[in-house]
Amino acid sequence: MAVHLITGATGGIGEAICKRLAASGHRLVLAARGTERLQALMSSLPGSGHLAIKLDMSNEASVADLTLRLSERQVALDGVVIMPPQPHAHAEPLPEPAVWRELFETSFIGPLSVLKGAITAMHPDPKAGKRCKVVIISGISSAQVLSHYATANVIRTAWLGEAKTLAFALGPKGIHVNTLSLGGTLSPWYREAITKRGASAGLSFEEQLAKETENVPLGKYGEPTEVATVVEELLSSFSDHMTGLNILHDGGFTRAY
């Protein structure tokens with residue numbers, strides 16, 4: 001039975017990942033900011049032995065507490081799914097330094113500290129066939145610049161560079177590091193945003209969705225359950241000879257080679 005740490009566990013995508021992994025028999029360490037939602041999610045999952053830990057990735061003390069609790073409970077992680085807080089869609093190409101400081105602290109430095117703590121709780125042994133997996137959830141601006149996501153272009157590219165760096169550093173130890181970059185994904189908050197855009201244009205949700213996905217070859221946005229399926233595979237033996245990859249989950253939107 002594998003043990004996986006899932007950050008952002010109570011979000012739309014995080015919850016879908018937790019439900020799929022728990023249904024497959026994995027034990028989970030659930031991490032998110034809201035204690036009540038964490039407990040509610042944990043109690044709804046099949047299986048036993050799950051652990052819920054309150055985590056604010058922008059708070060150093062909270063990150064340190066997560067690492068300490070993993071150590072105190074002698075949790076040996078087989079995998080970790082890092083979902084950094086999404087950088088806001090700031091279209092200003094030259095934002096003030098204060099904007100960058102806040103974004104990097106919240107969406108990169110803090111989550112990277114969480115990842116560092118999780119790696120210390122991993123005990124791979126490739127000679128014995130035991131490998132550990134890291135999946136970092138990013139966005140397609142890691143591979144294709146989007147003009148209205150100026151700050152996100154930078155943050156997500158930083159994660160891509162860090163993942164490839166870690167792939168080199170941790171590969172010999174049997175720790176694999178891959179990123180999963182999402183295009184439009186119909187999490188609850190994104191559905192709400194589409195609904196609002198449609199209402200302002202006098203369109204139904206379905207009409208607005210069809211309009212927005214005209215430039216997506218598959219003609220649709222992803223579902224959280226589809227993301228969960230890919231994450232489960234990346235945590236499994238499927239990725240035993242894969243590391244340093246940025247896998248696009250965008251319905252074919254990104255055209256780059």
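In what follows, every heavy atom counts, from backbone to side chain, and hydrogens, waters and symmetry copies are set aside. This is a predicted model, so every value here is computed, not measured.
To the nearest 0.5 Å, atoms CG (L30) and CG (L38) are separated by 6.5 Å. Taking CZ of F253 as the reference point, atom OH of Y221 lies at 8.0 Å (rounded to 0.5 Å). Here the CZ atom belonging to R255 is positioned 6.5 Å from the CG atom belonging to N215, to the nearest 0.5 angstrom. The CG atom of L180 sits 13.5 Å away from the CD1 atom of I82 when rounded to the nearest 0.5 Å.
Side chains of T7 and V81 form no contact here, defined as non-hydrogen atoms less than 4.5 Å apart. The closest side-chain heavy-atom distance from L186 to I194 is below 4.5 Å. Residues H4 and R27 have side chains not in contact (no heavy-atom distance under 4.5 Å, counting atoms from C-beta outward).
Electrostatic pairing of R20 and E233 does not count as a salt bridge here, judged by no charged N lying under 4.0 Å from a carboxylate O. A salt bridge links E15 with K19: the closest approach of a Lys/Arg side-chain nitrogen to an acidic carboxylate oxygen falls below 4.0 angstrom.
Inspection of the H176 and R131 side chains reveals an N or O donor paired with an N or O acceptor under 3.5 Å. Looking at T243 and N178, their side chains never bring a donor and an acceptor atom within 3.5 Å of each other. Judged by distance alone, the side chains of S58 and E105 never bring a donor and an acceptor atom under 3.5 Å apart. Remark: the T179 side chain and the S138 side chain contain no N/O donor-acceptor pair separated by less than 3.5 Å. Side chains of K54 and S62: a donor-acceptor N/O pair is absent below 3.5 angstrom, by distance only.
Residues I17 and L41 fall within the same hydrophobic cluster, defined by Ile, Leu, Val, Met, Phe, Trp and Tyr side chains chained together at heavy-atom separations under 4.5 Å. Two different hydrophobic clusters hold V134 and L235 under the rule that ILVMFWY side chains link at heavy-atom gaps under 4.5 Å. Connection of I13 to L55 is not established within any shared hydrophobic cluster, with ILVMFWY side chains joined at heavy-atom distances below 4.5 Å, either directly or through further cluster members. Grouping the Ile, Leu, Val, Met, Phe, Trp and Tyr side chains by contacts below 4.5 angstrom, directly or via other members, places V63 with L77.
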| request: Could you please spell out the steps behind the side chain to side chain contact (heavy atoms under 4.5 Å, CB included) verdict for V3 and L28? | output: CA-CA 6 Å; V3 181; L28 304 179; over 6 Å; no

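Legend: residues meeting side-chain contact (heavy atoms from CB on, under 4.5 Å) with S107, ordered by chain and number and at least two apart, are P85, P87, I155. Every side-chain contact (heavy atoms from CB on, under 4.5 Å) that T195 has, sequence neighbours left out, goes to F205.
Ring planes of F104 and F108: perpendicular class, angle over 60° (limits at 30 and 60°).
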